[in-house]
Amino acid sequence: MQTSAARIADKKDWIKGATGDWEVVIGLEVHAQVLAKSKLFSGASAEFGGEPNAHVSLVDAAMPGMLPVINRFCVEQAVKTGLGLKAEINRRSVFDRKNYFYPDLPQGYQISQYKQPVVGEGVVQIDLDGGKTVEVGIERLHLEQDAGKSLHDQHPSMSFVDLNRSGCALMEIVSKPDMRSADEAKAYVTKLRQIMRYLGTCNGNMDQGSLRADINVSVRRPGGEFGTRCEIKNVNSIRFMGQAVDYEARRQIGILEDGGSIDQETRLYDARKGETRSMRSKEEAHDYRYFPDPDLLPLELDEAWISRIEASLPELPDEKTARFVKDYGLSAYDAAVLVAERASADFFEEVAKGRDGKTAANWVINELFGRLNKEGKTIETTPVSAAQLGGIVDLIGNGTISGKIAKDVFEIAWTEGGSPADIVEKRGLRQVTDTGAIEKAVDDIIAANPDKVEQVKAKPTMLGWFVGQVMKTTGGKANPQAVSDTLKAKLGL
Ligand code: ADP
Ligand code: MG
């Protein structure tokens with residue numbers, strides 16, 4: 001595994017300019033909404049949606065004299081996420097006021113963490129094409145308040161504000177500048193989202209704004225000094241993140257090759273036009289006049305409490321993938337497909353328990369996932385349960401049905417329900433292993449095709465044709481191995 005800031009992009013990721021090769025350097029600030037019932041400093045509901053301003057307490061509306069009270073569960077979620085990112089948990093952290101005016105931030109400042117965040121350095125392993133993995137460093141994770149939403153298109157001369165989201169807990173997860181291509185940035189966000197969904201600390205719903213990223217992009221000559229970065233604000237789709245990186249890298253290369261220089265600035269990605277444009281020049285930390293929030297005491301975490309959280313962590317994606325490869329003999333690729341969501345990994349394990357892992361994986365991935373995708377269903381709404389799929393794998397395993405008949409059984413289980421064993425019994429789908437019946441079918445085919453019999457003696461690969469014919473006349477119920485053995489014996493192959 002390659003690590004860290006010194007890493008140079010793979011040659012395939014170098015960008016050809018007019019004056020030579022360039023490399024893109026990316027660091028991400030991901031904002032993840034904490035999965036919690038109530039907000040970071042108030043008891044108002046943190047649920048998505050609702051009538052505008054239905055989830056607003058006096059604290060969220062910043063009424064004079066209101067005092068914030070920390071939501072212990074949100075801290076627990078942040079610590080859990082930090083542990084999932086293999087990060088240092090800071091026993092003492094501090095909430096600061098970050099001062100800026102924004103109509104949907106009624107306090108006039110955001111409560112955030114600056115110099116002393118709750119979580120320090122960590123690491124995320126990202127998975128790239130061809131089984132390659134790369135480590136991306138985590139700089140920090142801090143807790144902060146989300147802002148509300150201004151609505152400018154509801155009235156000809158007025159803007160409205162919806163404070164439902166104002167004060168919801170966000171985790172800002174800052175990466176080191178360790179990514180070297182759009183694909184790596186996409187893989188990083190995908191992995192981060194997966195880890196948090198496993199932990200249950202963020203639902204990762206990007207279309208609801210629960211996960212969004214500011215993308216810092218700069219370019220340099222391969223292996224050279226870091227260049228000046230631009231920050232692309234608030235991108236809320238993984239596909240757009242990739243597009244924004246590629247566009248921005250090209251733009252910067254164009255400027256540098258024309259002899260210009262990059263101004264550090266904040267930009268916006270316009271998905272419709274596929275380009276980034278300037279929003280404002282980059283503000284510096286001192287512009288915000290950060291200072292410790294006098295309404296809140298420093299956050300002191302108890303050792304035993306952290307240990308309890310650690311003990312409650314579920315098995316995480318990387319470990320699960322490794323275990324699936326080892327225990328079930330799966331390819332790393334198949335294991336990763338199954339582990340993508342916790343629910344599908346659990347489903348697979350239920351099917352695979354006490355059965356052949358590879359057959360189980362094949363049925364879950366190819367038959368079940370294929371069908372779910374086609375019908376717009378998910379593992380939560382699947383009509384074929386793990387017990388049913390396991391039943392099919394059993395019937396294949398003990399030779400009751402062939403793989404081909406198994407597909408028919410799956411189809412019946414999908415549309416009509418029922419246990420696979422009953423389906424096979426009721427419909428007489430049991431595989432024919434009776435050698436007499438198979439011999440008779442083989443004899444018939446041989447007698448009817450003297451020309452093919454001549455050919456197969458010169459070209460043994462023709463045997464497949466004979467097997468196919470016998471399978472056809474037996475309605476797919478003959479045991480293919482028995483058919484092949486009988487044919488070989490009778491044809492003298
Ligand atoms: P700010 O609040 O000023 O944006 P942060 O420290 O919160 O600063 O975030 C800086 C982000 O920019 C980090 O994700 C970091 O990895 C990234 N970054 C820093 N330098 C570069 C660079 N030269 N090119 C690309 N990304 C960078
Ligand atoms: Mg920033």
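Counting convention: from 1, in listed order, for ligands and their atoms alike.
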(message) Quick check on contacts: which atoms of ligand 1 are under 4.0 angstrom from a heavy atom of Val25?
(response) 24 (N), 25 (C)
(request) Please name all residues satisfying side chain to side chain contact (heavy atoms under 4.5 Å, CB included) with Arg272, sequence neighbours left out, ordered by chain then number. (result) Asp270
(request) Using the side chain to side chain donor-acceptor pair (under 3.5 Å) rule, pick out the option among Lys39, Gln107, Lys98 that qualifies with Gln145. (result) Gln107
(request) Tell me whether the guanidinium CZ or amine NZ of Arg220 lies under 6.0 angstrom from the six-membered ring centre of Phe226 and within 45° of its axis. (result) no
(message) Does ligand 1 come near enough to Pro177 that some N or O of the ligand is less than 3.5 Å from an N or O of the residue?
(response) yes
(request) With heavy atoms of Leu28 as the reference, note each atom of ligand 1 found under 4.0 Å away. (result) 14 (O)
List the atom pairs, with distances to 0.1 Å, where a side-chain N or O of residues 81-91 and a protein N or O form a donor-acceptor pair under 3.5 Å, not counting sequence neighbours.
unit_1	atom_1	unit_2	atom_2	d
Thr81	OG1	Gln77	O	2.8
Thr81	OG1	Thr201	OG1	3.0
Lys86	NZ	Glu319	OE2	3.4
Asn90	ND2	Pro117	O	2.8
Arg91	NE	Glu303	OE1	3.1
Arg91	NE	Glu303	OE2	3.1
Arg91	NH1	Ile89	O	2.8
Arg91	NH2	Glu303	OE2	2.4

(message) Counting only heavy atoms, tell me which of Glu172, Lys233, Glu29, Glu231 gets closest to atom 9 (O) of ligand 1.
(response) Glu29
(message) Need the ligand 1 atom indices (1-based, order shown) with element for anything under 4.0 Å from a heavy-atom of Lys176.
(response) 16 (O)
(request) Indicate the ring-plane relationship of Trp414 and Phe410, choosing parallel, tilted or perpendicular according to the 30° and 60° boundaries. (result) tilted
(message) Using a 4.0 Å cutoff against the non-hydrogen atoms of Val174, which atoms of ligand 1 qualify?
(response) 9 (O), 13 (C), 14 (O)
(message) With a 6.0 Å cut-off (strictly less than), is the heavy-atom count around CZ of Arg72, excluding the residue itself, greater than 12?
(response) no
(request) Please confirm whether Gly227 comes within less than 3.5 Å of ligand 1 when only nitrogen or oxygen atoms on both sides are compared. (result) yes
